[in-house]
Structures are given as structure tokens and as C-alpha cells.
Amino acid sequence: MTASSLARDCRTQVAAGLALILLLGAQVEAGESSPDAATPPDAARAADGHRAAAADAGATDGAGVLPEKVTPAITTDAGANEAKISQSPAPAGPAQGPAAVPVIPPAKPATPATRAEPLPSAARVSLSLATPSPVLGIEDETELRIVVTGAFASPLRFPRILCSAGRVEDMVREGPTSFSARFLLPAGRFPQPAIVVADFSHDSLILRGALAVRLRAAASPAFHTAPGAKVTVKVGDKEFGPLVAPADGNIHVPVVVPPGINFAIARSVNRAGKANQQILDLKIPPAQRALIVAPEKLPAGSAGEIAVLAVEPSGRLVDASTITLASTGPRPQPLGSLAQGEARFLVRAPASLQDPTLHLMASLRGQPEVSAEADVVLGSAATAQVLLQPEATRPDGVPLRSLRVFLSSQDAFGNPTDVGEAAVLVDGQPASPEATEDGRVMLTLRPPALLAVRESMDVEAVLDNGHATERIPLDLFKRRLPPDPVQAPRYTLTPRLGFLWNFQQTPGLALFVEAMASRHPSLTGFAFGATLGYLHSNIFSSNNAGAGDVVLDQLPLLAQARYRRRFNRLGLSVGAGAGMALGRASLHAFDRDIAGYSVAFAVEGSTEAALLLHRSQVVLGLRYLAMSLGKLSSGDVIVGNTGGFIVDAGYRIGWR
């Protein structure tokens, strides 16, 4: 054989292989195409054998069905070339293959920690692919359809999509409960199973469905055999070929490998009829065969249900009892399984959020290489306390133009919450807090136009179960005077010393002690109290029998009322009093002393000026005291006013 003929044979073989792969992909896409005139005899036999083998394998695979109430409904979707076995009829879907099997969810919630609202009767989530079992290397994407059956009060929101392999993009709404999207196949061109979950769960509704997809892969395993030998490759129960080996004996056989198959058997028969076979390692890398379905966020101290789905390398659902789950927080508690291939766990979020996420790790018992990981964002619980903290004011007397009030909040476990979502009112009107550069939330208060209208402004903040109020005095926005050097007393005691004179007698001695009290500590306004005095004077007395000197001692006791005004460090007041006076008169005549007593009514009017010190006052007073003793017990009569004008000075002591 010449070099030119060898090159020609190689080009022919490569062209035939590419044509076979394209025709096989078209057959898989059509699903019902018949391998006749348009397909070479060896390609037709490969496609027929592969369909038969896949149908036999599908008959042995139990359909994976999970109820949507707490866990997804899984169906192993083998497509037209790999038959799918279901336990119940599926709703209408694409003509290329059956959709995910719907299941009526159980009536009771699976766990007391999750209080779900009752689902509509016979609510179900069905997932299906336009190409039920895509071939990696020939197809890049296929259409995903999601249909939810059941009576809902309003259109469902878009679902959350999770995929163990590949991704879903460009989801659009086709109806109130139906959606479609592009399922982009994974970039890795090796056979693998994929789990696709559509999760409609939100608030108290738990509703989701799942689909297990067997992703096949196109390959061309190469090996060496005798030139001219007829070669077939058996992948699982399916044979591809025969092809004739070229002159150099190096041959590539196009095959389609389903997931779960790691080895193929190559059989060659040479021209002499001698058969030989060898095992080919397809070098299939491990696939992601587990998927964690967890809520996007868990509040502190709460519990949520986590579902873990897993499949065998072939796409069959695993025994749920072999699925384990661990977390970086409290140990997950198993909740049992409602169907094969799915395990449910109750996961509690820690009360103290030292880590912003909860890391979950799922695996199969005895198969540590099969694992999945997910992070659940931990958030604070409902706000239980809101705090309002006005900024510290300056000690000087400059009035504030504005005042910042900082807001903070926390839940029942002491974790900070987002106080920026709080509803804030200032004097009953809505206000908008703003964020500072360091991330704090504050409210800027400015004084009202008329400061004299009221004494304070009220700030109120409400968030969830937290509520706080703060009263801001408007004095902060007014010009503040320096501290008063004079302390305003409430109680005072004033001893006075002066002299008494009534124009008819020589001046006498006057001594008074005054005790006063006011309603509030003040240097202005009314004060009430009592005065006890002592008056000593000498008068000259005469009658028909003779003349003599009279020593007169009087003790007045008066109830007092005084009105006070202040002018900086000077205090002025006027007062009035009324009471009784006890008098004793001693007449010295003819070398004898005759004493007599009498009680009289006494009234007083007074005015005074005071020099105000820090806690005391120096007082100078002028008063007029009127009282008439009249007839004494000795039979003598004193005619006229025994009081008079009193000029005195005193020292007033005050207490608060």
C-alpha cells in the first residue's frame, strides 16, 4: 500500500466518523427517526443497538419521585433513546419526551419548625426538556419547561433554579404558572447525570420540583488493531460499528456514552477471521452527583429544612438513608425521607452570628468522593429593640443649628439588625434617616421656626417588634445663658436686728426671726411663712397721781406673705403679716414696780431690699408694725400704738 493510498484511507475514515456522529445526534434530536436510507449501515445498527440497551437499562431503573410539599419531585429523564420509567402519568409536556412526574404533597408539614401554608389541591411542579437526554459534544443547550398545576390566588413568582451541572438562563413567563428557559449544558464533554431543581418556596409556601437528567457524551476512542480488521465497540449494552481498520491499524470509533459507563469493549475480527477484544478505559472524570437545596437565608435562632438530592453515576436515585449532612453550626437533625434519592434535615441557625454564613457539607455514606457544599446566609432575627442616641452636645453656651440622633437596633439575641428600614417620625411627621461614612444610621434634627411654641420635639422609631422614643429639649437650639451665680432657694431663714420708733418714744430694740417657703426654688414670686419678734422700748407715763417710766417688752408672732422680684444681683420684695402680740409693761413709780400683761392683735406691712449672694442674702428692711395693748392686767391702760416703724438688717440663709 502506497503512502498516497494510506492518506486517502485516513481522510475517508475521519469523514465517515464525523458524518456518523452528526447523524447520530440528529437521530437523538428527532427521537423517532428511523435509521434507514440516510444513515450508513453501521451507524444505523449503532443507533438501534443503543436504543435497545438504553430501554433495557431504563426498565431496571426505578422512577425517582419526591413529593413537592417539603422535598422536590425527581424524575430520571432518559429521553427517547434512554427510556424513562414513571410511577404515575405525567402532565402534558413537549412531544420529544415525558416530563417530570407530579406528586400530590402530603397534607401535614414534615416538621413543626416549618409552618407552611396549605398548598392548593393537587399542586405539582413538572420539569421537562425539549431534548430529554442531550448529547454533550453535539448539543450545547436545550429548552427547559416548568409547569405548576393547581389553583393559586395569584401568578407564581419566578422560581429559584439550582443545577448540579450546567446552568439555566433567560427564563420567561409563559403563563401564571408556567415558565420556560434555556438549559445550557455543562462545558465538560463527558457523560454525567444532572439534577435540576425549580424552587418556588417563599415565606410560608414550600413548593418545588426536580428533574434528574442523563447527559450522554459523544466520543471517539482510539486503539490499534490489525489492518483491514472489522472493529466494533461495545459501550454498556450497545455496540457501535463495525468499522474497517486502515492500513496502519489505528482506528477511531465514534460512540455515544451514557453516564455510569467508564469502560468499553473493543472487538476486532481480522481478515483471517480471528477475533480479538480489549477493554478500553474511557477515562471518565467524576461528576457532581449531589445537590443541596437550602433556603437562601436563615434568621438567627431559627430552624429551616434542608433537602439533599443525590444520584448514582448512571443517574439512578440513591438510597436516601446513605445521605449525610454536616454543618459548621449545630448538628443537623435527620427528618427522614419521603422518596428515594432525597433526604431531609432540620438545620438550626446559631443564635449569635459570629460567622455570616452557615457552611453545609453533604456526602454519601461510604462514598466520600460524592459530596456537595453550600453556604446559607445567616441574618438577624426580627428586631426586638431600637435605640435612639442623640450626639453629645458641647459644654459651651452656643446654640445648636442641628442635632444628630444615631439609630441602632438588635434582635432578641443581641445581633445587630438593619435599622435603616425603620419607620421614623419627628413630631408625628415621617422622617428619612441617612447613612454616615462609617456605616452608622443617623437622623439630623433642625429646630422648628418658632422655638417658643413648645419645649421639646419627639422622635419615634419603629422596626418589627422594636419601638423607641426620645424627647429632645428645644433649649439645645436656644442661646444658653451662663450659669446663674445665685442659687434659688426654696426655704429661707432670716434673723434680723434693728430699732423701733413711733415718734412718741425713744427708739427701742427690735429682733426678728423670719422663716419663709415657696412652692418651687425661686428668687421671684410669692413666699409664705411666719415671723417671731422681740421688741424692747421705754416710754414715759403720767397721770393725776404722778409720773414714771414704763419698760415695755412685746413678743409679736405673725403669719407672713411676701412677693419678690429680682433685678440681677438685687432682690426687692413687699410683704404683709398679721397675728398676735403678747405685751408686758413694767411701771416704776414712787419706788415701786407695777407689772401688767396684755394680748393684742398685730398687723405689719414691710418692704425690703436684698443683696443676692451665691446661697445667701444680705437684707435691709423697713416695716411698720401696728398693735395696741390697751388695758393691762394691772389695771393700767396703754393708749396708742405700741409698735411703729422698724428699720432692721439681716442675713438670709436658703435651702433647696
Side-chain angles (χ1 to χ4, degrees), residues 50 53-54 57-58 60-62 64 72 74-79 82 129 133-142 161-168 183-197 210-222 233-238 255-265 279-294 306-327 340-343 359-375:
H50 186 62
T60 60
D61 292 350
I74 301 181
T75 299
T76 303
D77 196 344
E82 296 186 24
L129 295 177
S133 182
V135 179
L136 301 175
I138 296 180
E139 298 164 288
D140 294 328
E141 64 179 76
T142 184
I161 303 296
L162 296 91
C163 301
S164 63
R167 66 184 188 275
V168 173
F183 177 47
L184 304 183
L185 304 183
R189 293 179 54 179
F190 60 91
Q192 55 188 295
I195 304 173
V196 182
V197 176
L211 177 68
V213 184
R214 297 164 61 94
L215 299 176
R216 299 172 296 160
S220 297
V233 176
K234 185 177 182 181
V235 180
D237 295 333
K238 167 70 176 64
V255 297
V256 175
V257 184
I261 302 298
N262 295 321
F263 296 93
I265 299 177
I279 297 178
L280 302 179
D281 186 357
L282 300 178
K283 296 182 172 54
I284 306 297
Q288 181 65 40
R289 297 194 283 114
L291 180 65
I292 298 177
V293 181
I306 307 296
V308 181
L309 299 88
V311 294
E312 298 288 353
S314 62
R316 290 173 53 112
L317 303 175
V318 303
D319 182 2
S321 63
T322 63
I323 299 176
T324 62
L325 181 67
S327 75
Q340 187 179 6
E342 167 269 336
H359 188 63
L360 302 174
M361 299 152 288
S363 62
L364 294 182
R365 187 176 293 109
Q367 303 181 53
E369 71 280 1
V370 181
S371 63
E373 297 184 3
D375 288 322

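These numbers were taken from a predicted model, which means no experiment stands behind them. Heads up: numbering here begins at 1 and tracks the sequence. These values consider heavy atoms only, across backbone and side chains, with no hydrogens, waters or symmetry-generated copies.
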Using every non-hydrogen atom in the two residues, find where [X] and [Y] come nearest and quote the distance to one decimal.
{"X": "Asp375", "Y": "His359", "value": "OD1-ND1, 2.5 Å"}
{"X": "Ala320", "Y": "Ala343", "value": "O-CB, 3.8 Å"}
{"X": "Gly137", "Y": "Arg189", "value": "CA-NE, 3.3 Å"}
{"X": "Val235", "Y": "Ala264", "value": "CG2-CB, 4.1 Å"}
{"X": "Ile323", "Y": "Gly341", "value": "CD1-O, 4.0 Å"}
{"X": "Phe183", "Y": "Cys163", "value": "CE1-SG, 4.4 Å"}

Original post:
Quick one: side chain to side chain contact (heavy atoms under 4.5 Å, CB included) partners of Ala294, sequence neighbours excluded?
Top reply: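 Applying side chain to side chain contact (heavy atoms under 4.5 Å, CB included) to Ala294 gives Ile292, Ile306, Leu360, Val376.
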
Subject >> Ile265: side chain to side chain contact (heavy atoms under 4.5 Å, CB included) partners, not counting sequence neighbours >> reply: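 If we apply the side chain to side chain contact (heavy atoms under 4.5 Å, CB included) test to Ile265, skipping adjacent residues, the hits are Lys234, Gln277.
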
Subject >> side-chain hydrogen bond (donor to acceptor under 3.5 Å, both in side chains) against Asp319, all qualifying residues, sequence neighbours excluded >> reply: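 Partners of Asp319 under the side-chain hydrogen bond (donor to acceptor under 3.5 Å, both in side chains) test: Ser321.
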
Distance in Å, [X] [atom1] paired with [Y] [atom2], rounded so as to fall on 0.5 Å steps:
{"X": "Ile138", "Y": "Leu185", "atom1": "CD1", "atom2": "CG", "result": "11.5 Å"}
{"X": "Ser133", "Y": "Glu139", "atom1": "OG", "atom2": "CD", "result": "9.0 Å"}
{"X": "Leu282", "Y": "Leu280", "atom1": "CG", "atom2": "CG", "result": "7.0 Å"}
{"X": "Ile284", "Y": "Asn262", "atom1": "CD1", "atom2": "CG", "result": "6.0 Å"}

Any donor and acceptor pair, going by atom type alone, linking the side chain of [X] with main-chain N or O of [Y] inside 3.5 Å?
{"X": "Ser164", "Y": "Leu291", "result": "no"}
{"X": "Thr324", "Y": "Arg365", "result": "no"}
{"X": "Gln288", "Y": "Ser371", "result": "yes"}
{"X": "Arg289", "Y": "Pro193", "result": "no"}

Original post:
In this structure, are over 12 heavy atoms from other groups packed under 6.0 Å from Asp140 atom CG?
Top reply: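 Counting neighbours around CG of Asp140, 12 or fewer heavy atoms of other residues, nucleotides or ligands fall under 6.0 Å, so no.
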
Does any part of the side chain of [Y], heavy atoms only, come nearer than 4.5 Å to the side chain of [X], both counted from C-beta?
{"X": "Gln192", "Y": "Leu136", "answer": "yes"}
{"X": "Pro191", "Y": "Arg216", "answer": "no"}
{"X": "Asp281", "Y": "Phe263", "answer": "yes"}

